[in-house]
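Scroll down for the structure; my scribbles are underneath it.
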Amino acid sequence: MFKKLAIIFIAVFGVLLAVPTMVPSAARYFPSWIRPIPLGLDLKGGAQLLLEVDTKTMFQEKSAQLYEETRAALIDRDKGVVRYSNLRNVDGTVSFVVRDGDDVSRAKGRLKSVLGNTVDINSDGRTITLSYSEKQKQEMVNDALSRSIEIVRRRIDALGTKEPSIQSQGGKYILIQLPGVDNPEHIKDLIGQTAKMTFHLVNESVSPDQVATGRAPAGTEFLPYMDAPDQRVAVYSRVEVSGESLKDSQADFDQNNMPVVTTSFDAAGARRFAKLTTEHVGERFAIVLDGRVLSAPTIREPIPGGRGQISGGFNLQGAKDLAVLLRSGALPAPLSVIEERTVGAGLGADTIAAGKIGSAVGVLFVMIFMIVFYRRFGVIADIVLLVNLAMIIGVSALFGATLTLPGIAGIVLTLGMAVDANILPFERIRDEVRAGSPTLRAVDNGFHRSTKTVLDGNLTNLICSLILFQFGAGPIRGFAVTLSIGVVTTLFTCLLLSKVLIDWYMNGRNKKIGFIKE
């Protein structure tokens, strides 16, 4: 009895999960984790963008950064200068010649301690080369792609857009689908703000008159402030710390209860930031995002732990905004829009209406067929079919799936499989009764002996859907998710729930089964 009650409880719970989707007005009576299943781009309308991660530019910047790190490591006076010549960066490979052959092993050891395993270091006589292997490059691309997706997600969520779909595609592309958004230009402008963030020293020797003329000295740039484009600050072109080393930034309060922004870097960034703040106490450094200066604070003291504090007369909201910009601005590589399209909401509404009519007609005919051929057992099968449909919708909503046209196709296919999964036990019951078995035993044998066939058929579909989910993308994945959920709910409803309802109908007696001529 406990097993039967558990089956009924699971079925009722699955149906309740679907109520907010089937009756949207009832959603307010349910807890926050039970919500209507969101509609996809093809049903609700909206915008779709395909972004490309600019890996070529990323590798160029990486090699330029490697060049600067190599130079800084060789001229580190604290550890002793390594005399070298002909330091070059050609096609992503940094090379130099050590003047004293006895310094080759010392140079390699120092570079190894600074760069770790992020780069291959080789020597040929007194010539040392540094380059990224194909494996290291692929790891950079994968890291850049995953980080870019998270950054774009944070930026898009700032719009208040509900249920954006952001996923990788093809190794270096990001597919963005925004149901309900019909202005892709706004989205592109927003994403365009998330470019490279860098930290530069401020050139204090440049006078305001020089800035006004716009003639920057060699190695210096005049960059505008983000909040005041008419005001410019002179910064050295050399990047002291890259924004990709920034791990986190948060709005906080200092000892005087004034809003500030705290920052923290990863291990490599912490080393560079400590070196910067130790060697330039009392000087200013500029935080640059998209060619505009976010802030130019003064370095008050060395910061060895990789954690800094930016103050500048912020109010609390300004500190929060700056913290968000710092976190979301640290894109590891530039992004470019290579494809965009807009789907009108009217097309989605027409599709939904046609889908409702088609589904209703299809389900109605199937239900009539089951009742005509299997009488009261057919009524039970129809109840199980409706419960199965509700559970598919409810479980999909619980898992955060988005309903799309391929998803609807998966539901329709699942319902067809569910009907087949009901027919197999019924036909087996018919054979058992014709062979002379009492109806109660015929029901037990019918379900028991058809279970393997039903399992084989559904598990085969489950394997196929899992393969589609693993190797597919976009609509194919949506179809695979819905089909997978449908296979599980079909096995539950057709093998367990259907048997429980039939047992309750039989009530322990050998009743006559209407669709079988005994």
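Hydrogens, waters and symmetry mates play no part in the numbers below; they use all other heavy atoms, side chains included.
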Return a table of donor-acceptor pairs under 3.5 angstrom between the side chains of residues 48-55 and protein atoms on other chains or two or more places apart.
| from | atom 1 | to | atom 2 | distance (Å) |
| --- | --- | --- | --- | --- |
| Q48 | OE1 | Q177 | NE2 | 2.7 |
| Q48 | OE1 | R341 | NH2 | 3.3 |
| E52 | OE2 | K172 | NZ | 3.3 |
| D54 | OD1 | K56 | N | 3.4 |
| D54 | OD1 | T57 | N | 3.1 |
| D54 | OD1 | T57 | OG1 | 3.3 |
| D54 | OD2 | T57 | OG1 | 2.5 |

Please tabulate, for side-chain N and O atoms in residues 137-144, each donor-acceptor pair with protein atoms closer than 3.5 Å (sequence neighbours left out).
| from | atom 1 | to | atom 2 | distance (Å) |
| --- | --- | --- | --- | --- |
| Q138 | NE2 | N142 | OD1 | 3.0 |
| N142 | ND2 | Q138 | O | 3.3 |
| D143 | OD2 | R147 | NH1 | 3.4 |

Got a list of side-chain donor-acceptor pairs under 3.5 Å for residues 379-388, not counting sequence neighbours?
| from | atom 1 | to | atom 2 | distance (Å) |
| --- | --- | --- | --- | --- |
| N388 | OD1 | T489 | OG1 | 2.7 |
| N388 | ND2 | T490 | OG1 | 3.1 |

Can you give me every donor-acceptor pair (side chain of residues 414-423, partner residue at least two apart or in another chain, under 3.5 Å) with its distance?
| from | atom 1 | to | atom 2 | distance (Å) |
| --- | --- | --- | --- | --- |
| T414 | OG1 | G410 | O | 2.7 |
| N422 | ND2 | A418 | O | 3.2 |

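With a 4.5 Å cut-off on side-chain heavy atoms, H448 and R428 do not count as touching. Side-chain atoms of L491 and L455, non-hydrogen and from C-beta on, do get closer than 4.5 Å to each other. Contact of the V261 side chain with the D252 side chain is not registered, since no non-hydrogen atoms from C-beta on lie closer than 4.5 Å. Residues F253 and P259 have side chains in contact (heavy-atom distance under 4.5 Å, counting atoms from C-beta outward). Taking the side chain as every heavy atom from C-beta outward, Q169 and I174 never approach each other to under 4.5 Å. The shortest distance between side-chain heavy atoms of T439 and M506 falls below 4.5 Å. I8 has its side chain out of reach of K4: every pair of non-hydrogen atoms, C-beta onward, lies at least 4.5 Å apart. Residues V443 and K499 are in side-chain contact: their nearest non-hydrogen atoms beyond the backbone lie under 4.5 Å apart.
Side-chain contact annotation: Y173 with Q167, donor-acceptor N/O pair under 3.5 Å absent.
Interatomic distance, CD1 of I429 versus CD1 of I502, reported as 5.0 Å (0.5 Å rounding). Atom OG of S465 is separated from atom CG of L459 by 10.0 Å, given to the nearest 0.5 angstrom. One finds the CD1 atom of I7 at 5.5 Å from the NZ atom of K3 (value rounded to the nearest 0.5 Å). Note that OG of S396 and CD1 of I411 are 6.0 Å apart. Values are rounded to the nearest 0.5 Å. Annotation: the span from Y132 atom OH to T118 atom OG1 amounts to 5.5 Å, rounded to 0.5 Å. Rounded to the nearest 0.5 Å, atoms CZ (F273) and OG (S264) are 10.5 Å apart.
Aromatic ring orientation, F265 versus F199: perpendicular (interplanar angle above 60°, classes split at 30° and 60°). Note: F377 and Y505 have perpendicular aromatic rings, judged against thresholds of 30 and 60 degrees for the angle between ring planes.
Among residues two or more places apart in sequence or in another chain, the ring-ring contact (aromatic ring centres under 6.0 Å, His included) test is passed with F369 by F373. S133 pairs by the side chain to side chain donor-acceptor pair (under 3.5 Å) definition with Q136, not counting sequence neighbours.
Under the 3.5 Å distance criterion, the side-chain polar atoms of S437 are left unmatched by any main-chain donor or acceptor of V433. Distance alone, capped at 3.5 Å, is enough to place a donor-acceptor pair between the S63 side chain and the Q60 backbone.
Residues F2 and F9 place their aromatic rings such that the two centres sit no closer than 6.0 Å.
When every heavy atom of V241 is checked against every heavy atom of G269, the shortest pair comes out as CG1-O, 4.4 Å.
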**Request:** Given side-chain contact (heavy atoms from CB on, under 4.5 Å), test L462 with N458 step by step and report yes or no.
**Result:** CA-CA 6 Å; L462 181 61; N458 282 273; over 6 Å; no
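Residue-environment remark: CG (N117) stays at or below the threshold of 12 foreign heavy atoms within 6.0 Å.
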